[in-house]
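Take a look at the structure below.
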Amino acid sequence: MTAVTLGEATPEPTDDPTQASDRRQAVIWWIFVACVLAWLGWKLSALNWALVWRVSPLLWQGYIVSCLLTLVSVALGMVFGIGLAAARMSRFAPLRYLSMAYTETVRATPQLMVIFWIFFTYPVFAGHNMSPWTGAVVSLTMIASAYLAEVIRGGLLSVPKIQSESATVIGLSRSQTFIRVLLPQACRNMLPAFITTLITSFKVTSLVYVIGLIDFFRAASLINNRNFAPATLYTVVAIVYLITCFALSRLVGLLDPKYKLQ
Amino acid sequence: MEFDWTIALRYREALLGGLLVTLQVSVLGIIGGTFLGIVVACVRAMPGLFARRLAITYIEIVRNIPALVKVFYLYYVLGFNAWLAGLIGLAIHQSGYISDVITSGLRSIPREQTEAARVLGCSYPQTFSFVLVPQLLRLTIPPMTSQYIEVVKNSSIVMFLAIPELTWQTQQIEFETARGYVAAGIATLLYLGIALSISALMSMAAWKWRRAI
């Protein structure tokens with residue numbers, strides 16, 4: 001083992017099939033993968049697939065709820081996130097500090113706690129409990145908007161300064177510059193970070209477990225409470241999350257070939 | 001509707017106890033996550049395709065499954081007790097992200113550093129611990145700060161295994177008094193305090209190691 005590959009200021013070494021050592025290692029790798037898959041297949045075949053088949057409508061319903069929740073919260077979060085990012089860059093100092101305080105507070109607090117804020121405070125004002133669906137949408141939107149605000153701000157900061165200067169020179173107002181010049185370019189730059197936030201949002205939906213909305217994860221655990229089969233159900237849950245999030249992470253390469261992953 | 005803030009005083013012991021448990025879980029999770037992350041990053045930096053693919057596969061699997069699912073899997077399927085399941089789950093979850101931080105840190109150290117150390121006759125472990133690690137410490141402090149804050153945030157999911165940490169206590173207070181917003185407000189402030197202390201500690205570390213080239 002040479003230490004030279006450690007600590008090189010170069011991009012990740014890519015697989016080079018023309019090299020004899022890489023060819024040999026690729027063969028070993030695929031044999032290893034085949035062994036692991038065979039072992040996994042043997043383990044998976046021992047699970048209670050009849051049960052999974054029987055409860056699959058419930059799981060599917062939960063999965064749809066999770067997906068919908070992700071889409072709605074990211075879409076709304078994008079709207080509020082743009083607002084927060086614009087406020088963060090405004091010339092009016094109180095607005096700037098307010099936006100910063102909100103973003104940083106939400107980002108430094110556990111997501112469960114944000115869900116609790118909404119779910120515990122609402123009854124005090126309204127006198128009755130919030131429906132789990134509304135509570136989940138509101139709290140997940142709050143979380144997504146704070147994270148997306150940072151993503152958008154990063155995108156905006158990556159646009160060269162000369163762009164906004166040129167826009168000012170040709171007579172665009174500040175809001176026109178923001179909407180017509182900065183935002184479109186920022187959107188392109190922030191694509192990878194946006195996809196990461198999308199994946200995080202999908203994973204965060206598993207936390208609405210706590211307020212009783214039946215998303216994918218809660219559906220599985222409710223079924224587990226009724227017909228006790230944790231190995232089967234939680235394995236299925238893990239595999240479904242893995243496949244969904246992995247597919248989402250490949251989305252970035254599809255949307256913009258510039259970010260094609262190796 | 002009226003806001004009754006005296007609940008915070010009545011339940012101060014529960015909240016303080018929760019804070020202590022959260023700190024314990026977080027510190028252990030940080031240590032475990034950093035250790036695992038370093039191991040994975042080292043495997044990934046090893047020459048050859050096999051080790052690299054192994055590490056990347058591990059990272060992809062770990063990053064694409066929610067921490068809650070991992071913790072439940074460890075607890076219900078593999079049969080760990082609540083504390084072990086929570087800690088191992090947190091450590092594994094964060095190791096996927098921490099190993100990425102360390103990998104990019106290792107890559108940003110100029111290749112000449114390693115080559116020079118090897119020419120001077122340092123062995124591989126010596127090169128790693130006396131040349132690369134000191135630079136790594138300094139380079140990775142800013143991204144590591146956010147990783148560690150992430151561990152503190154994720155520590156709240158061990159409440160599902162009934163470990164009495166801050167979020168669990170908050171929910172308990174809501175169940176007992178229906179005034180959970182008080183507890184949630186205090187808990188938020190405490191979490192913010194922890195996050196601020198972590199970034200202050202990391203800034204101090206950065207100041208201490210500023211010359212460690």
Side-chain angles (χ1 to χ4, degrees), chain A residues 1-13 15-16 21-22 25-26 28-29 32-33 104-105 107-114 116-117 119-121 123-127 199 202-207 209-210 217 221 224 230-231 233-235 237-238 241-246 248-249, chain B residues 1 3 42 45-50 52-54 60-61 63-70 72-73 76-77 103 106-111 113-115 117-118 124 127-128 131-132 135 149 152-157 159-160 167 170-171 174 178-181 183-185 187-188 191-192 195-196:
Chain A
M1 184 161 69
T2 55
V4 179
T5 43
L6 269 181
E8 49 185 2
T10 45
E12 172 148 39
D15 302 342
D16 181 9
S21 65
D22 263 15
Q25 292 217 1
I28 300 174
W29 166 253
F32 174 74
V33 168
E104 296 302 326
T105 310
R107 274 158 41 92
T109 318
Q111 285 98 344
L112 274 173
M113 203 44 90
V114 179
F116 280 175
W117 292 348
F119 214 63
F120 292 169
T121 316
V124 181
F125 288 107
I199 296 170
F202 187 72
K203 289 193 288 179
V204 167
T205 56
S206 64
L207 296 181
Y209 181 94
V210 77
F217 186 72
S221 70
N224 183 40
L233 288 165
Y234 290 125
T235 307
V237 168
Y241 271 110
L242 182 62
I243 292 175
T244 312
C245 295
F246 189 73
L248 281 177
S249 73
Chain B
M1 138 210 155
F3 285 96
C42 286
M46 262 158 57
L49 172 151
F50 185 83
R52 193 162 65 236
R53 283 203 182 163
L54 192 67
E60 285 291 341
I61 291 174
R63 290 174 71 135
N64 286 326
I65 296 178
L68 185 55
V69 176
K70 281 179 209 132
F72 266 56
Y73 201 90
Y76 285 109
V77 183
T103 300
L106 279 174
R107 279 208 207 106
S108 64
I109 300 172
R111 185 196 279 268
Q113 297 279 330
T114 320
E115 287 169 356
R118 299 288 290 166
Y124 172 73
T127 308
F128 187 73
V131 178
L132 295 180
Q135 304 191 53
I149 293 174
V152 176
K153 285 165 56 184
N154 283 330
S155 76
S156 67
I157 59 166
M159 72 166 274
F160 290 113
T167 313
T170 308
Q171 202 187 24
E174 162 77 10
R179 294 280 184 279
Y181 58 88
T188 304
Y191 275 118
L192 276 181
L196 284 177

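Residue numbers begin at 1 in each chain, while the letters A, B, ... track the order of the sequences.
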Inter-residue atom distance B:Lys153.NZ - A:Met113.CE, 0.5 Å rounding: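 B:Lys153 atom NZ to A:Met113 atom CE measures 12.5 Å (nearest 0.5 Å).
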Just verifying a value: how many Å separate B:Met159 CE and A:Leu207 CG, rounded to the nearest 0.5 Å?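 Result: 10.0 Å between the selected atoms.
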So which residue, B:Val152, B:Ile65, B:Leu49, ends up with the most heavy-atom pairs under 4.5 Å with chain A?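 The residue among B:Val152, B:Ile65, B:Leu49 with the greatest pair count is B:Leu49.
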Name the option with the most non-hydrogen atom pairs under 4.5 Å to chain A; the candidates are B:Leu192, B:Thr188, B:Leu196, B:Ile61.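 Between B:Leu192, B:Thr188, B:Leu196, B:Ile61, the count favours B:Thr188.
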Tell me, please, which residues at least two apart from A:Phe120 pass ring pair (Phe, Tyr, Trp, His ring centres under 6.0 Å).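 Partners of A:Phe120 under the ring pair (Phe, Tyr, Trp, His ring centres under 6.0 Å) test: A:Phe116.
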Identify which of [options] forms the greatest number of heavy-atom pairs closer than 4.5 Å to chain B.
options: A:Ser221, A:Pro123, A:Ala108; result: A:Ala108
options: A:Tyr234, A:Trp29, A:Phe202, A:Tyr241; result: A:Trp29
options: A:Asn224, A:Val237, A:Thr105; result: A:Thr105
options: A:Ile199, A:Ile243, A:Val210; result: A:Val210

Identify which part of [X] has an atom lying under 4.5 Å from any heavy atom of chain B, answering side chain, backbone, both or neither.
X: A:Phe246; result: both
X: A:Thr244; result: neither
X: A:Thr235; result: both

Report yes if some heavy atom in the side chain of B:Leu54 is under 4.5 Å from a heavy atom in the side chain of A:Phe32; otherwise report no.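 Counting from C-beta outward, B:Leu54 and A:Phe32 do come under 4.5 Å.
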Could you check whether any side-chain heavy atom of B:Phe160 comes within less than 4.5 Å of a side-chain heavy atom of A:Leu112, counting everything from C-beta outward?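 Heavy-atom side-chain distance check passes, below 4.5 Å.
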Tell me, side chain or backbone of B:Ala195 under 4.5 Å from chain A's heavy atoms, or both, or neither?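 For B:Ala195, the side chain is the part near chain A, not the backbone.
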Do side-chain atoms of A:Lys203 reach the backbone of B:Arg63 as a donor and acceptor pair under 3.5 angstrom?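 At least one qualifying donor-acceptor pair exists.
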How close do B:Leu68 and A:Ser206 get, heavy atom to heavy atom, and via which atoms?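 It is CD2-O, 3.3 Å.
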